[in-house]
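Reviewing the structure listed below.
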Amino acid sequence: MASSSAAPPSRRSVFDAAYIRSEFSAAGISAHFIPLIWKYVLQNPRCGDLDGIPSLPANAYALLRQKFRPTTSTLTAAADSKDRTTTKLLIRLQNGESVEAVVMRYDTRLGKYDGKPRPGGVRATLCVSSQVGCKMGCRFCATGTMGFKSNLSSGEIVEQLVHASRYSQIRNVVFMGMGEPMNNYNALVEAIGVFTGSPFQLSPKRITVSTVGIIHAINKFKDDLPNVNLAVSLHAPDQDIRCQIMPAARAFPLEKLMNALQSYQNERDQAIFIEYIMLDGVNDQEEHAHQLGKLLETFKAVVNLIPFNPIGSSSNFKTSSDQNVKKFQKVLRCTYGIRTTVRQQMGQDIAGACGQLVVSLPDERSAGGATLLSDIEDLRL
């Protein structure tokens, strides 16, 4: 008779915060040791096991060997843009799927603030993914062509920061990579809790979560993630155009979305970032700018106009002309007094720009210095 044995269960990431806390509590081990474990892995990203962590209780080592891995994901490739401002990371998950994260480097000293030279120096922002693929199906976004495959665990989200830290010291994190963060809400909240604690110590004011407008999640967001920035992918000033380019918008009517945002802002004196992709002949005319201005004139908001990034020859959209983008920006600024910026294109040559993440990476890999740009953090009111 042939013998059979069950496959051992997959070990979890030490960065799955709720799980490791639960296991430590059940074993009678203080949770105070967990940040020490995270610090060790962060400082030793290639460590194969956790036996080298100093000063843990003896039973903690046995538990870690049995149920946890330093990281469950693997950095399989990295590509730098030609100007070296952007590095795209291809990360393979334990289930065999892959996601992408993007490191974007900036210089705070570029330009002026309040008429004075900016202080500071180089800093880096990490664009993280929250899902493999996306179920929102936005027609201008490459990730949407993948469909939805799976949610990332909180540990897999945090591990993107661990991998990225090998390339740059990360100051800001934006949830603008693959997936709709609000559709993986519990993992989102848990990961941000890790980001803002020891050893990462990111300020919540330097974390931005982007959503297409999941209304029930926005209503919870203001209580669960105080001081974290909210960005809304609006992309159109009326419901008909939104539904045309963002099919998921049918479930989130614009009027109800704006009411949710008004409620959000009434409770938090914090600017909302409005993301608006510029599609030639679709949503980039002056009439659309006036519609958007009227929609937002009661809000404390920053509008970020995003030039469309082509996603292959099959794309039905074209990039707005520079002239139309400037006219659009002028209407919002001069007529409605709304702070409006145009997103700088970073990483286009490695398909690492906004809307281009679809798990594809050039073969070349490089490292080195960086040309410097201004940062999303400078959009604050």
Side-chain angles (χ1 to χ4, degrees), residues 15-18 20-21 31-32 34-35 38-39 42 101-106 108 113 119-120 123-131 152-165 168-177 179-214 216-233 260-261 263-275 299-302 304 339 341 374-381:
F15 294 103
D16 277 323
I20 193 170
R21 288 184 185 124
H32 293 302
I34 294 173
W38 291 343
K39 183 178 181 180
L42 182 63
V102 182
V103 179
M104 299 167 286
R105 301 175 187 88
Y106 308 85
T108 63
Y113 183 76
R123 64 182 177 221
T125 291
L126 176 66
C127 178
V128 300
S129 295
S130 55
Q131 298 178 312
L152 271 61
S153 71
S154 65
E156 289 170 332
I157 295 172
V158 175
E159 285 179 16
Q160 293 172 68
L161 178 55
V162 176
H163 294 308
S165 296
S168 293
Q169 183 176 353
I170 303 299
R171 179 182 169 108
N172 306 312
V173 170
V174 295
F175 283 80
M176 297 181 182
E180 164 55 61
M182 297 293 197
N183 278 344
N184 191 12
Y185 189 81
N186 291 338
L188 169 74
V189 173
E190 191 174 303
I192 290 176
V194 177
F195 287 160
T196 56
S198 178
F200 298 101
Q201 301 287 8
L202 292 179
S203 167
K205 294 180 180 179
R206 294 190 177 127
I207 299 174
T208 301
V209 176
S210 174
T211 177
V212 300
I214 313 296
H216 64 273
I218 291 172
N219 292 335
K220 294 198 300 179
F221 181 89
K222 61 180 179 286
D223 298 318
D224 293 337
L225 294 169
N227 299 316
V228 172
N229 298 301
L230 177 66
V232 179
S233 295
L261 295 180
S263 174
Y264 169 91
Q265 196 151 72
N266 287 345
E267 295 186 30
R268 292 175 55 176
D269 184 28
Q270 192 170 337
I272 297 172
F273 294 98
I274 300 295
E275 299 171 285
F299 286 85
K300 183 180 180 181
V302 178
N304 192 205
R339 186 166 183 193
T341 63
S374 57
D375 186 5
I376 188 174
E377 187 178 308
D378 298 324
L379 300 182
R380 299 191 180 286
L381 289 175

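What's counted below: heavy atoms across the whole structure, side chains too, no hydrogens, waters or symmetry copies.
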I want to check something: taking the side chain as every heavy atom from C-beta on, are [X] and [Y] in contact at a cut-off of under 4.5 Å?
X: Ser154; Y: Val194; result: no
X: Leu261; Y: Leu230; result: yes
X: Met182; Y: Val209; result: yes
X: Asn172; Y: Met104; result: no

More than 12 heavy atoms of other residues, nucleotides or ligands under 6.0 Å from CD of Gln201: is that the case?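 For Gln201, atom CD is crowded (more than 12 foreign heavy atoms under 6.0 Å).
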
For Asn266, does the CG atom have more than 12 heavy-atom neighbours from other residues, nucleotides or ligands under 6.0 Å away?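 Yes.
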
Write down the atom of [X], the atom of [Y], and the distance for their closest heavy-atom approach.
X: Arg105; Y: Ser168; answer: NE-OG, 3.0 Å
X: Ile170; Y: Ser165; answer: CG1-OG, 4.5 Å
X: Gln270; Y: Val228; answer: NE2-O, 3.3 Å
X: Glu159; Y: Phe15; answer: CG-CD1, 4.0 Å
X: Lys222; Y: Arg268; answer: CA-NH1, 3.2 Å
X: Gly177; Y: Cys127; answer: N-SG, 3.3 Å

Have [X] and [Y] got a donor and an acceptor in their side chains that come within less than 3.5 Å?
X: Ser130; Y: Glu180; value: no
X: Ser153; Y: Asp16; value: yes
X: Asp224; Y: Tyr185; value: yes

Between Phe195 and Phe200, what is the ring plane arrangement, given parallel below 30°, perpendicular above 60°, and tilted in between?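 Aromatic pair Phe195/Phe200 classed perpendicular.
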
Assess whether side-chain contact (heavy atoms from CB on, under 4.5 Å) is satisfied between Lys220 and Val189, documenting all intermediate values. CA-CA 10 Å; Lys220 294 198 300 179; Val189 173; over 6 Å; no

Is the backbone N or O of Gly213 less than 3.5 Å from a side-chain atom of Thr211, with the two atoms forming a donor-acceptor pair by type?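 Looks like yes, one N/O pair under 3.5 Å.
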
Nearest 0.5 angstrom please: [X] [atom1] to [Y] [atom2], how far?
X: Asp269; Y: Lys300; atom1: CG; atom2: NZ; answer: 4.0 Å
X: Gln265; Y: Ile272; atom1: CD; atom2: CD1; answer: 4.5 Å
X: Arg339; Y: Asn304; atom1: CZ; atom2: CG; answer: 10.5 Å
X: Glu267; Y: Asn219; atom1: CD; atom2: CG; answer: 9.0 Å

Just one of Thr125, Val128, Ile157 clears the side-chain contact (heavy atoms from CB on, under 4.5 Å) bar with Val173, so which one?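 Only one of Thr125, Val128, Ile157 forms a side-chain contact (heavy atoms from CB on, under 4.5 Å) with Val173, namely Val128.
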
Considering residues at least two apart in sequence or located in another chain, which fulfil the side-chain contact (heavy atoms from CB on, under 4.5 Å) criterion with Ala231?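 Result, side-chain contact (heavy atoms from CB on, under 4.5 Å) vs Ala231: Met176, Thr208, Ser210, Phe273, Glu275.
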
Who are the side-chain contact (heavy atoms from CB on, under 4.5 Å) partners of Thr196, not counting sequence neighbours?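 Testing Thr196 for side-chain contact (heavy atoms from CB on, under 4.5 Å), a comparison that skips the adjacent residues, returns Ile192, Pro204, Ile207.
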
Criterion side-chain contact (heavy atoms from CB on, under 4.5 Å) on Asn183 and Ile214, from CA distance to verdict: CA-CA 8 Å; Asn183 278 344; Ile214 313 296; 4.0 Å; yes

